[in-house]
Novice: 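After the structure tokens below, expect a handful of questions from me.
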Amino acid sequence: MRGLDTLSMLSRMALRNLRASRWKTLIVGGIIMGGAFLVVVGTSLLDSLDRSMSQSIIGSVAGHVQVYSAKSKDELTVMGSMDMEAADLDALDDFAKVRKTLMSVPNVKAVVPMGISGAIVTSGNTIDIELAKLRELVRQRQDGDLSAKTTQAYEAQKGHVRQIVQVLERDIANIKQLQDDSALPPEDEAAVHKAASAPFWAAFDETPLESLEFMENRLATLAADADMLFLRYMGTDPRVFSEAFDRMRIVDGQTIPPGKRGFLFSKYTYEEQVKLKTALRLDKIKKAIENRGATIATDPELARFVRENSSQVKELLLQLDQLETDVFRRKLQGLLESPETDVGKLLATFFDTNDETFPKRYAFFYEELAPSLDLYRVRIGDTLTIKAFTRSGYVQSVNLRVYGTFEFQGLEGSPQAGELNLMDMVSFRELYGFLTADRQKELDELKASVGARDVSREDAEDVLFGAPAEEASGGTVEASATGAVEAQAALAGLAGRLQRENMADRVYDPKNLEGGVVLNAAVILENAKEKDIERAIADIERVSQAQGVPLKAISWQKASGIIGQFVTLMRLVLYVAVLIIFVIALVIINNAMVMATLERVQEIGTLRAVGAQKRFILGMLLVEGLITGAVFGTLGVLLGAGLVAAVGWKGIPAFNDIATFFFSGPRFFPALATSNLVGALAIVFLVSLLSSLYPAYLAMRVTPRQAMQAEE
């Protein structure tokens, strides 16, 4: 009871003193309140951002933990690195063994095989595509299909190609009007005139393949509308991937069937790189207007999109046959109320939009014109030829059927989540330079048929330059099913055959996927709090070492590279800012309390004269500091909590595609955690206590004599 009485007395005296020094108390309290407010708001935003970003990275590609060979030279980054070079990773030869090892670790729910690389793919220009369609119809007729349907399609496509040539001829005439005759090579001009002539088309039916070859070699290069696609792709098991990353959903088409080779575009890449550029620019204008209130009149980028659409109409004209051209002419004349008959000029006028006309013309484009156009250079169901450099530097290629597009829910507009496309793991291994079991078997059969024998690396020089055969046969090197054997493949002529063979229809044994090579793997955990991830990483490395599968395990944050370090960097900046603020606050509070203590020398001396002990004086000053911190710190915490709750209720809209990824969706909803409140109050009390110590020390040294001298 005595202690409570003393505390009650100290509290009443502290409150009286704080009221007596009202302005100083308000200044000191304001600083404390501001600091508490900043800590609550800052830590809440960062914690929420950390959770959102982790959901984006974990849910789109990284999983909770990434594993790769401990023998790798570089560190794994699944979301790209600043130098844009692929990491040099040592392969994990037997994924089945890796998976078995990882599944024996507690808390591991799923393991997803992975391998990431990139390639540049040319989609072909419009003339290439239309000539390929005509060539296919020619082959059908030569194979005996002379049905009315095929004949009608053949004549229509022939007319379309002829119209394309006429567009090129008009284009050359326009160029010559604007520039001198030397602007065009004469052989190109002569080739276009020949392909546009009546005799050329009169003789087309007699020698269609020769005529097509002429146009493919001499005209296709004149249409500079081919798309060069840079594709980052991940080789994986599509079924396991879609089950592990439940935010993934198929948008168009279907997923790659089990046992089949194939390719899935991410919807983001498909829209940004494969879509008709005119349509893409229209979409970007609409998105900018709707999402950020931009206008064509004031936004230079939108104005540039309008100019490009208005001046680059040839890409559309090349797609139109005569019937479609007539339809376009009629529709555009009606919309624009124009007597103009040149469809090129009508399209240029149509795309020359402003803020008033854009909504109507955007809708008209998709409702009336787009159905007659190929909006995507590569369509679902097409076969895509992907050529890539293997890790040893030679070019490998595979033909893959495009089965569909996919996206991650909530991250539809994010380039970070949408830059990776998917292909089956067997095709990835071939592109990367590893032999599958099927290929190894073919290679063995080929070597047996020509009498080739295995030679050790040490004996290779002797064998090549005439060493006795018995010396050379001392050892053998079995070509690893998982090693880089590109040189053997090249020597055996296998690489050329791989290019020629249509692999899209081949079905592979699922055991090849389970037991083959992977570069890395994503680990999905049952429980995934931060401490669970740290424990899982330690367990994985311990178990893998014990089972002879040396793996390096890293968290999703480290695997995502600089993107994953963003929140850590922001948190560091916040902590430094908070530290600076509270150091300044500590100095100011300390000085204010020292001044207040010096002004109260008489009072303190009187207390000492009537018997107050030093610890009573110490307690009085500390209670003053703690009450100040408690009152104003609580006010700051409540204000911060109120702001976070208000923002969290309404959400912060993502202002661009990168923010969409960081927010894990189109809006960011910060949430308040108990740790944010407790942390802020703890810091406030600590600062209040520290800032009271020195004034309390000075107060304890005050004697009754000093008090009397102060009065005098």
Side-chain angles (χ1 to χ4, degrees), residues 125-127 129-130 160 163-179 183-184 222-227 271-377 413 656:
N125 61 36
T126 305
I127 297 181
I129 294 172
E130 298 304 328
H160 186 185
Q163 180 162 308
I164 288 175
V165 178
Q166 292 170 350
V167 170
L168 290 177
E169 192 174 36
R170 289 199 299 270
D171 198 39
I172 288 176
N174 292 333
I175 293 174
K176 292 181 68 173
Q177 286 182 353
L178 299 174
Q179 304 179 46
L184 288 171
L222 300 181
D225 63 336
D227 289 328
E271 293 293 320
E272 289 291 324
Q273 295 200 48
V274 185
K275 195 170 188 178
L276 184 72
K277 290 185 175 59
T278 300
L280 178 62
R281 286 190 283 262
L282 288 174
D283 293 343
K284 288 187 173 181
I285 293 173
K286 182 173 184 288
K287 184 178 178 181
I289 292 173
E290 291 180 349
N291 291 358
R292 54 186 175 90
T295 64
I296 297 173
T298 58
D299 191 308
E301 185 179 41
L302 301 192
R304 178 172 60 83
F305 288 158
V306 170
R307 288 195 301 273
E308 290 176 352
N309 271 358
S310 182
S311 61
Q312 299 175 17
V313 298
K314 191 171 75 174
E315 189 178 11
L316 275 63
L317 293 176
L318 293 178
Q319 290 195 28
L320 304 179
D321 59 23
Q322 187 57 54
L323 179 60
E324 291 165 340
T325 302
D326 293 339
V327 172
F328 266 49
R329 181 184 297 110
R330 189 172 61 254
K331 289 182 176 179
L332 291 171
Q333 284 176 333
L335 176 74
L336 301 174
E337 299 179 350
S338 168
E340 177 63 56
T341 59
D342 188 320
V343 176
K345 293 181 180 178
L346 286 169
L347 283 171
T349 304
F350 172 76
F351 287 118
D352 187 17
T353 59
N354 54 40
D355 293 302
E356 183 179 352
T357 60
F358 179 80
K360 183 178 180 180
R361 294 190 185 181
Y362 180 86
F364 186 87
F365 175 81
Y366 277 102
E367 292 172 2
E368 303 293 337
L369 306 184
S372 301
L373 300 171
D374 287 330
L375 285 183
Y376 298 93
R377 186 71 70 187
N656 58 27

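Computation of the quantities below employed the complete heavy-atom set of this structure, encompassing side-chain atoms and omitting hydrogens, waters and symmetry-equivalent molecules.
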Novice: What's the separation between atom CG in L375 and atom CZ in R377, rounded to the nearest 0.5 Å?
Specialist: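 Nearest 0.5 Å value for the CG-CZ distance: 11.0 Å.
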Novice: Measure across I164 and E130 and return the closest heavy-atom pair with its distance rounded to 0.1 Å.
Specialist: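 Here I164 and E130 meet closest at CD1-CG, 3.6 Å.
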Novice: If we only count heavy atoms from C-beta on, is the Q312 to K277 side-chain gap below 4.5 Å?
Specialist: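 In short, these two side chains do not touch, never coming nearer than 4.5 Å.
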Novice: Only counting residues at least two apart or in another chain, list the ones meeting salt bridge (charged side-chain N to carboxylate O under 4.0 Å, His left out) with K331.
Specialist: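 K331 satisfies salt bridge (charged side-chain N to carboxylate O under 4.0 Å, His left out) with E368 only.
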Novice: Given side chains that start at C-beta, do those of F364 and L332 come closer than 4.5 Å, heavy atoms only?
Specialist: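 Result yes, sub-4.5 Å side-chain heavy-atom pair found.
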Novice: Does any donor atom in the side chain of Q163 or T325 lie under 3.5 Å from an acceptor atom in the other side chain?
Specialist: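 The answer is yes; a qualifying pair exists.
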Novice: What verdict does the side chain to side chain contact (heavy atoms under 4.5 Å, CB included) test give for F305 and T353, after you've listed the backbone C-alpha separation in whole Å, the side-chain angles of each residue and the deciding distance to 0.1 Å?
Specialist: CA-CA 10 Å; F305 288 158; T353 59; over 6 Å; no
Novice: Can you tell me how far CG of L276 sits from CG of L282, rounded to the nearest 0.5 angstrom?
Specialist: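 Result: 9.0 Å between the selected atoms.
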Novice: Measuring from atom CD1 of I296 to atom CD1 of I285, what distance do you get when rounded to the nearest 0.5 angstrom?
Specialist: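 One gets 5.0 Å once the value is rounded to the nearest 0.5 Å.
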Novice: If you measure only the distance, is there a donor-acceptor pair under 3.5 Å linking the side chains of D352 and T349?
Specialist: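 No, because no side-chain N or O of D352 sits under 3.5 Å from a partner of the opposite role on T349.
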Novice: Between atom CG of L168 and atom CG of L317, what is the distance when rounded to the nearest 0.5 Å?
Specialist: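 Nearest 0.5 Å value for the CG-CG distance: 10.5 Å.
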Novice: Applying salt bridge (charged side-chain N to carboxylate O under 4.0 Å, His left out), can you list everything that pairs with D355, at least two apart in sequence or on another chain?
Specialist: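 With sequence neighbours excluded, D355 shows a salt bridge (charged side-chain N to carboxylate O under 4.0 Å, His left out) to no residue whatsoever.
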Novice: Run the salt bridge (charged side-chain N to carboxylate O under 4.0 Å, His left out) test against K284 and tell me which residues pass, sequence neighbours left out.
Specialist: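 Here the qualifying residues are E272.
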Novice: Which salt bridge (Lys or Arg N to Asp or Glu O under 4.0 Å) pairs, counting each pair once, include a residue from residues 303-313, with sequence neighbours left out?
Specialist: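 Qualifying pairs: R281-E308, E301-R304, R304-E308.
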Novice: Who pairs with Y362 by ring pair (Phe, Tyr, Trp, His ring centres under 6.0 Å), at least two apart in sequence or on another chain?
Specialist: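 Y362 satisfies ring pair (Phe, Tyr, Trp, His ring centres under 6.0 Å) with F358, Y366 once adjacent residues are dropped.
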Novice: For the backbone of F351 and the side chain of R361, can you confirm whether one donor and one acceptor N or O come within less than 3.5 Å of each other?
Specialist: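 Here the side-chain-to-backbone pair does not exist.
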Novice: How long is the gap from CG on L336 to CG on L346, to the nearest 0.5 Å?
Specialist: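 Separation between the atoms: 6.5 Å.
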Novice: Any chance you could measure I289, atom CD1, to K287, atom NZ, to the nearest 0.5 Å?
Specialist: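 If I round to the nearest 0.5 Å, the distance is 13.5 Å.
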Novice: Give the minimum heavy-atom separation between D299 and A294, together with the two atoms involved.
Specialist: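 Smallest interatomic distance, heavy atoms only, reads OD2-CB, 3.8 Å.
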Novice: Where is the tightest heavy-atom contact between D374 and Q319, given as atom of each residue plus distance?
Specialist: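 Looking at all heavy atoms of both residues, the closest pair is N-OE1, 2.6 Å.
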Novice: Can you tell me which residue among T341, D342, L320 is in a side-chain contact (heavy atoms from CB on, under 4.5 Å) with R329?
Specialist: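 So the option named by the test is T341.
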Novice: For S338 and Q333, indicate whether the former's side chain and the latter's backbone hold a donor-acceptor pair under 3.5 Å.
Specialist: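 Absent.
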Novice: Where is the tightest heavy-atom contact between A348 and V313, given as atom of each residue plus distance?
Specialist: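 Shortest heavy-atom contact: N-CG1, 4.0 Å.
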Novice: Is there a side-chain contact between F328 and L347, using heavy atoms and a 4.5 Å cut-off?
Specialist: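 The answer is yes; the side chains approach within 4.5 Å.
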Novice: Partners of D283 by salt bridge (charged side-chain N to carboxylate O under 4.0 Å, His left out), sequence neighbours excluded?
Specialist: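 Listed in chain order: K275.
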